[in-house]
Amino acid sequence: MNPIPPNQQQALVERLMQACGGGYPPQTRRKHFITGPQWAASYQGQALFHAPTRTPISFDDVIREYAKIGIGYWCTHDTDVVPTEQLGKEGQSQIVARIQKSLSEHGLKCSMVTTETFFHAVFAAGPAAEAPEIREYAAFRVRNTVDIGHELGAQFAVYWPGSLGYYTQGAIDEADSLRWYADALNAACERDIDVAGKKKRPTLKHCLEAKPFEPQAEILLPTSDAMLAFISSGLLKHPEMVGLNPEYLHELMWGGAPRAALARALLAGKLWHFDINDGYRLKHDVDIGVGLVNPLDWLNVLVLLRAHGYNGPFNLDFKPPRTTSNHGVFAVSFPSAVDRFITLWEIAGDVREDPIIREATDALRAGAGAPPGADAKAIHEANKELLTLHELIGHRLVQILLGLHRGRTYSA
Ligand code: XLS
Ligand code: MG
Ligand code: MG
């Protein structure tokens with residue numbers, strides 16, 4: 001092939017995207033509660049060891065492009081849109097008014113707001129540091145984010161306490177730090193009750209997001225299960241206002257099974273919000289687009305969520321790779337992530353309807369009917385042929401994922 005000059009590359013990418021097919025129209029995409037973060041689309045590819053590969057873009061650009069794709073909801077950190085020095089000031093009100101205008105012009109809604117408590121130097125020791133003035137500042141930040149959330153009509157607030165931890169062992173008192181972190185959440189909930197009352201709006205759903213490592217070396221609330229324990233620890237004044245925002249990859253990062261973590265959150269009634277992406281076990285937070293690494297596991301996650309009626313947001317918290325251009329972020333990265341999600345969602349519907357999986361599952365649940373009082377050997381003997389269905393179900397799931405259940409075969 002001849003070299004492709006720069007002025008022909010966007011056209012090539014677009015032609016190949018078209019050729020991929022399998023895309024959904026914006027109106028179909030909008031039927032799903034899919035939310036697009038400001039920070040994901042505006043990520044410039046910078047990270048530890050990396051210089052940016054993309055140029056900055058504004059919230060207007062992100063909202064406009066999400067609208068074109070058919071992403072119906074937008075979410076943001078406070079400082080993704082308001083410079084730190086303008087938080088809580090007149091500058092913030094002007095920016096929030098411009099965001100409202102942009103959202104309504106493009107027909108998007110703000111679903112969620114979150115507070116950045118990890119980037120600014122003031123959070124070097126985290127939002128629950130020893131110095132009372134740092135904690136008072138963190139409380140101001142979460143209260144202020146609640147205010148922004150109500151202004152923008154959000155339903156959810158997310159908290160990722162990634163800097164709640166340490167690098168140096170023994171330097172902090174973990175129990176005190178957790179109490180202080182609870183104080184910040186209590187401040188957010190109390191402000192919420194106050195503002196919601198005045199505005200005659202429902203209070204926000206406050207969702208905790210765990211990650212096992214990064215940016216601290218050791219994290220005090222590393223998993224969704226740790227978050228559940230924290231919610232019911234007695235430290236929160238309004239535990240009923242606080243639930244979870246698990247992130248798919250964050251559960252893989254500690255070696256967990258995301259589907260099991262989601263099941264535990266569901267059983268606790270706390271699965272309120274879900275960050276969707278992909279990546280690798282026991283590695284850093286690579287935030288790859290949903291379904292690019294573990295499509296079979298993703299299919300099974302969506303089967304579980306459909307079975308248990310999850311109806312919260314699916315938040316596209318991934319990072320377009322550094323190799324993707326500014327143009328590619330909206331031409332390839334976001335539409336393809338949305339479409340893989342919808343396809344997997346639809347396939348999960350097929351799984352739930354599949355007569356083979358249904359009959360196999362029913363048979364497993366019916367058991368062999370061994371008589372009451374049968375001993376262990378007799379119970380095993382009675383069920384052992386049925387249990388082969390576990391592997392058969394696994395095979396069938398792969399067939400459905402690959403479309404082989406529709407009679408497609410491969411010749412040698
Ligand atoms: C970082 C988190 C972050 C949160 C919001 O790893 O995923 O993006 O979702 O602060
Ligand atoms: Mg996240
Ligand atoms: Mg992540």
Aromatic ring proximity, centroids under 6.0 angstrom, Y66 and W74: no

Salt-bridge criterion met for E105 and R64 (N-O under 4.0 Å): no

Test item: E214 and H284 side chains (from C-beta on) under 4.5 Å apart, heavy atoms: yes

Any donor-acceptor pair under 3.5 Å from H250 side chain to A210 backbone: yes

I347 side, atom CD1; D354 side, atom CG - distance, nearest 0.5 Å: 12.5 Å

Pair E14-H327, side-chain donor/acceptor within less than 3.5 Å: yes

Non-hydrogen side-chain atoms of V293 and Y280 separated by less than 4.5 Å: yes

F330/K68 under side chain to side chain contact (heavy atoms under 4.5 Å, CB included): CA gap, chis, key distance, verdict: CA-CA 9 Å; F330 297 113; K68 281 197 224 157; over 6 Å; no

Heavy-atom side-chain contact between T114 and C75 under 4.5 Å: no

Backbone of D61 reached by a side-chain donor or acceptor of S58 within 3.5 Å: yes

Sub-6.0 Å ring centroid separation between F213 and W254: no

Validation row, ring centre F33 to ring centre F274 under 6.0 Å: no

Check: H206/D192 side-chain N/O donor and acceptor closer than 3.5 Å: yes

Residues L244, W272; criterion side chain to side chain contact (heavy atoms under 4.5 Å, CB included); working and verdict: CA-CA 6 Å; L244 294 190; W272 294 355; over 6 Å; no

L299, V303, N300 screened by side-chain contact (heavy atoms from CB on, under 4.5 Å) with L344, the one that passes: L299

Least distance between heavy atoms, D278 atom then V286 atom: O-CG2, 4.3 Å

Parallel, tilted or perpendicular: rings of F140 and Y137 (30°, 60°): tilted

Separation between NZ of K205 and NZ of K270, rounded to the nearest 0.5 Å: 9.0 Å

Least distance between heavy atoms, T55 atom then N326 atom: N-OD1, 2.9 Å

Ring centre gap for F118 and H77 strictly below 6.0 Å: yes

Sub-6.0 Å ring centroid separation between W298 and F341: no

Salt bridge (charged side-chain N to carboxylate O under 4.0 Å, His left out) between D297 and R259, worked out: CA-CA 8 Å; D297 192 45; R259 192 166 126 133; over 6 Å; no

Check: R396/H405 side-chain N/O donor and acceptor closer than 3.5 Å: no

Heavy-atom pair of closest approach, residues I95 and P83: CD1-CD, 3.8 Å

Check: S111 side chain, Q155 main-chain N or O, donor-acceptor pair, under 3.5 Å: no

Test item: E209 side-chain N/O and E247 main-chain N/O as donor-acceptor pair under 3.5 Å: no

Donor-acceptor pair between D317 and N277 side chains, under 3.5 angstrom: no

Residue pair H273 / N315: nearest heavy atoms and the distance that separates them: CE1-CB, 3.7 Å

Test item: side-chain donor near acceptor, H238 and N186, under 3.5 Å: no

Main-chain N/O of P127 paired to R135 side chain as donor or acceptor, under 3.5 Å: no

Pairwise side-chain contact, T203 with M241, heavy-atom cut-off 4.5 Å (strictly under): yes

From CD (E190) to NZ (K237), nearest 0.5 Å: 4.5 Å

Audit row: D147, Q92, side chain to side chain donor-acceptor pair (under 3.5 Å) steps and yes/no: CA-CA 11 Å; D147 293 352; Q92 172 175 306; 5.9 Å; no

Beyond-backbone contact of I357 with I400, side-chain heavy atoms, under 4.5 angstrom: yes

Crowding at CD, Q18 (>12 non-hydrogen neighbours, <6.0 Å): no

Shortest non-hydrogen contact from D60 toward S102: OD1-OG, 2.9 Å

Main-chain N/O of S163 paired to Q216 side chain as donor or acceptor, under 3.5 Å: yes

Side-chain heavy atoms of L364 within contact of H390, under 4.5 Å: yes

E116 versus T79, side-chain donor and acceptor atoms under 3.5 Å: yes

Expected output: side-chain R340 to main-chain P335 donor-acceptor under 3.5 Å: no

Distance (rounded to the nearest 0.5 Å) between K211 NZ and L164 CG: 14.0 Å

Other residues, nucleotides, ligands: >12 heavy atoms within 6.0 Å of D362 CG: yes

Stacked cation flag K319 on Y43, 6.0 angstrom / 45 deg: yes

SB check R191 D194 (cutoff 4.0 Å): no

I342 and I34, any side-chain heavy atoms less than 4.5 Å apart: yes

Between E251 and S224, a side-chain donor and acceptor under 3.5 Å: yes

Reported CG-to-CD distance for the pair D183 and E136, which is rounded to 0.5 angstrom: 10.0 Å

Working for side chain to side chain contact (heavy atoms under 4.5 Å, CB included), residues N245 and L208: CA-CA 5 Å; N245 172 41; L208 304 179; over 6 Å; no

Backbone N/O of A378 and side chain of D375: donor-acceptor pair under 3.5 Å: yes

Test item: side-chain donor near acceptor, D80 and Q38, under 3.5 Å: no

CZ-CG distance between R352 and L304, expressed to the nearest 0.5 angstrom: 10.0 Å

Any side-chain donor near an acceptor of the partner, S177 and Y166, under 3.5 Å: no

Q100, CD: over 12 other non-hydrogen atoms inside 6.0 angstrom: yes

N/O donor-acceptor pair under 3.5 Å between Y24 side chain and Q27 backbone: no

Over 12 non-hydrogen atoms of neighbours within 6.0 angstrom of CD in E391: no

Closest approach of F318 to A40 (non-hydrogen atoms, all atoms of both residues): O-CB, 3.2 Å

Pair D78 + R141, salt bridge at N-O below 4.0 Å: yes

Sub-4.5 Å side-chain heavy-atom contact between Y73 and M112: no

Donor on one side chain, acceptor on other, S336 and D339, under 3.5 Å: no

I71 backbone acceptor or donor facing R30 side chain under 3.5 Å: no

